[in-house]
Amino acid sequence: MNNPDFSISRRALLAGAAGMTFAAAVNTTQAADGKRFPKGFRWGVATAGHQIEGNNVNSDFWLLENILPTCFKERSGDACDSYHRYQEDIALLAQLGFNTYRFSLEWSRIEPSRGFVSQAELDYYKRVIACCRDHGVDPAVTFLHAAAPRWFAQAGGWLNPEAPALFANFCSLAAKALAPDMAFAFTINEPQVAKTFRAIPNQGAAAYFAKRDEAERAAHAAAARATASDRYITLNYPDIDGMTPLLLSGHEQAFAAIKAENTKLPVGVTLNIIDFQPGSEDSSYLDVRKSAYGAWLEAVRRSGDFVGVQIYRQLAVPGGGKPLPAPPPMPYVDAKNMIANMAQPGALRNGVEYIYEQTHKPIFVTENGIETDNDEQRVWYVGQALAGLYESIEKGVPVIGYTHWSLLDNFEWEQGYKPKFGLVAVDRSSFQRTPKPSAHYLGDIARRSAI
Ligand code: BGC
């Protein structure tokens with residue numbers, strides 16, 4: 001059977017970077033033999049260093065996990081031991097059918113104390129990238145996925161006016177060593193996730209954040225005392241409005257620093273998107289979207305060859321007026337798991353279309369997935385979400401790839417190891433990897449590039 005000409009070329013990608021529209025660059029003709037994704041589409045899985053590598057002992061979060069009071073239900077510890085098992089992970093994902101691996105560098109390994117750059121750790125990440133290439137897998141690399149070095153937090157983290165330059169300096173040295181072999185680079189993972197969640201306009205969320213903020217302040221104060229610092233600031237510190245201008249500048253400086261080392265490398269930021277929908281006729285959902293993404297949409301219009309979008313949830317924003325009918329209930333609803341129940345697969349299509357409409361940049365779905373212990377639900381979710389994504393592509397949205405969160409059941413930050421997002425289960429004592437049916441289901445879609 002013929003492959004339709006559905007490709008997104010590098011020229012098209014760079015046309016997007018130059019702000020041109022993609023209607024002409026993407027041929028959305030449907031194949032006779034099914035729903036084939038564009039030629040060159042990236043199919044992958046996503047992970048992040050701190051969540052899988054293990055023993056990220058010089059990171060800011062490591063300390064927060066290991067002191068009292070802490071907001072972490074458990075510590076990351078050995079995580080999935082991917083630091084030592086990356087070859088097994090990469091071989092597995094390639095064998096499953098994926099052509100792209102999104103993972104992150106750990107800044108605190110490469111620059112464990114300010115100004116000291118570990119050549120040995122740069123060489124380590126070179127080997128990870130080379131291993132991807134040996135398996136025919138494109139390395140898609142995040143420079144900062146939440147965890148930063150401890151010294152950076154002790155110096156005030158993203159509330160320190162020096163933060164953008166410190167981060168850009170790291171990006172520059174890491175890109176000099178590693179960018180020549182990368183396929184994609186992402187500056188900062190979800191720098192606005194706290195804004196998105198705080199934009200949720202209901203009292204339950206407000207009460208939740210008030211309680212959580214207090215606990216976070218206490219944990220950060222304990223870390224400051226433990227390190228004899230004036231303040232200890234991580235991305236979990238509850239002052240996202242204070243951090244945002246510095247994060248924006250950090251992204252823009254990092255974008256320029258990475259580009260300076262490899263002008264051909266597509267670089268962008270990844271954003272956390274909730275599909276805010278109207279819950280009533282007078283819903284202010286558009287204002288909610290604006291407050292969740294506002295400044296970042298402007299930033300990606302200025303500096304980004306594409307936008308990384310990370311979409312898990314949909315939320316109807318109520319107003320005082322007549323409520324709109326609720327969407328039909330999803331299968332597999334779990335009355336107790338509010339977060340899982342926000343995982344409407346249609347959110348992916350809506351979020352992708354909204355971000356494209358706002359930015360006119362190519363879209364890379366750098367995360368999408370579902371927290372569930374029931375792998376049948378994951379299979380259902382992935383099928384539905386990808387059907388929606390295909391609709392967006394048919395409408396002319398230039399989607400260049402999809403990396404599923406996540407390859408492995410991993411360390412889900414403050415929630416510890418209980419939430420299961422992985423296509424592959426990991427035994428917590430032996431670290432043995434066991435692919436779930438969803439890994440084969442999505443791997444098969446990836447191999448055929450069709451649904
Ligand atoms: C983050 C990941 C996280 C995932 C699932 C995303 O917001 O980038 O680090 O594990 O959501 O919770």
Side-chain angles (χ1 to χ4, degrees), residues 44-54 56 59-62 64-65 71-76 79-80 82 101-107 140-148 184 186-200 208 212 234-236 240 247 251 268-275 292-293 296 307-315 337-345 347-348 351 355 364-373 377-378 381-382 385 402-424 426 438:
V45 284
T47 61
H50 191 77
Q51 296 180 266
I52 61 162
E53 285 179 356
N56 193 17
S59 69
D60 53 359
F61 285 132
W62 182 269
L64 283 183
E65 292 162 21
C71 294
F72 286 82
K73 290 201 170 131
E74 54 189 318
R75 4 178 176 212
S76 53
C80 304
S82 290
Y101 183 34
R102 174 173 178 242
F103 62 94
S104 77
L105 306 178
E106 279 305 319
W107 181 4
V141 182
T142 312
F143 280 66
L144 182 71
H145 196 120
F184 291 89
F186 314 107
T187 55
I188 307 180
N189 183 69
E190 298 189 350
Q192 39 57 270
V193 61
K195 277 237 58 74
T196 310
F197 277 85
R198 278 156 204 272
I200 296 176
Y208 168 82
R212 185 176 151 183
T234 74
L235 274 174
N236 282 0
I240 188 61
L247 285 162
H251 158 66
V269 68
T270 69
L271 302 181
N272 179 282
I273 307 298
I274 292 183
D275 176 27
Y293 321 124
W296 283 99
V307 195
V309 297
Q310 320 207 140
I311 303 176
Y312 292 85
R313 310 183 170 93
Q314 182 176 83
L315 187 69
N337 194 339
M338 201 269 278
I339 293 287
N341 293 337
M342 286 164 69
Q344 275 88 352
L348 181 60
I355 295 297
F364 194 152
V365 179
T366 40
E367 286 184 28
N368 170 248
I370 182 168
E371 177 204 325
T372 182
D373 291 337
Q377 183 178 19
R378 193 178 335 275
Y381 175 87
V382 166
Y402 173 94
T403 54
H404 187 81
W405 187 270
S406 185
L407 174 65
L408 305 173
D409 283 339
N410 63 17
F411 179 65
E412 276 295 326
W413 305 113
E414 292 183 351
Q415 301 311 313
Y417 288 98
K418 187 161 178 296
K420 302 285 188 271
F421 279 91
L423 298 169
V424 175
V426 179
S438 58

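Quantities reported herein were computed from a predicted structural model and do not represent experimental measurements. Numbering of ligands and ligand atoms starts at 1, following listing order.
With sequence neighbours left out, the ring-ring contact (aromatic ring centres under 6.0 Å, His included) criterion links Tyr293 to no other residue.
Tyr312 and Phe421 have perpendicular rings, their planes meeting at more than 60° on a 0 to 90° scale where under 30° would count as parallel. Aromatic ring orientation, His50 versus Trp413: parallel (interplanar angle below 30°, classes split at 30° and 60°). Ring geometry for Phe186 versus Phe364: interplanar angle over 60°, hence perpendicular rather than tilted (30 to 60°).
With respect to Arg212 and Glu414, a salt bridge is recorded, a charged nitrogen being found less than 4.0 Å from a carboxylate O.
By the 4.5 Å heavy-atom criterion applied to side chains, Thr403 and Val45 are not counted as neighbours.
Protein residues with any heavy atom under 4.0 Å from ligand 1: Gln51, His145, Asn189, Glu190, Asn272, Gln310, Tyr312, Glu367, Trp405, Glu412, Trp413, Phe421.
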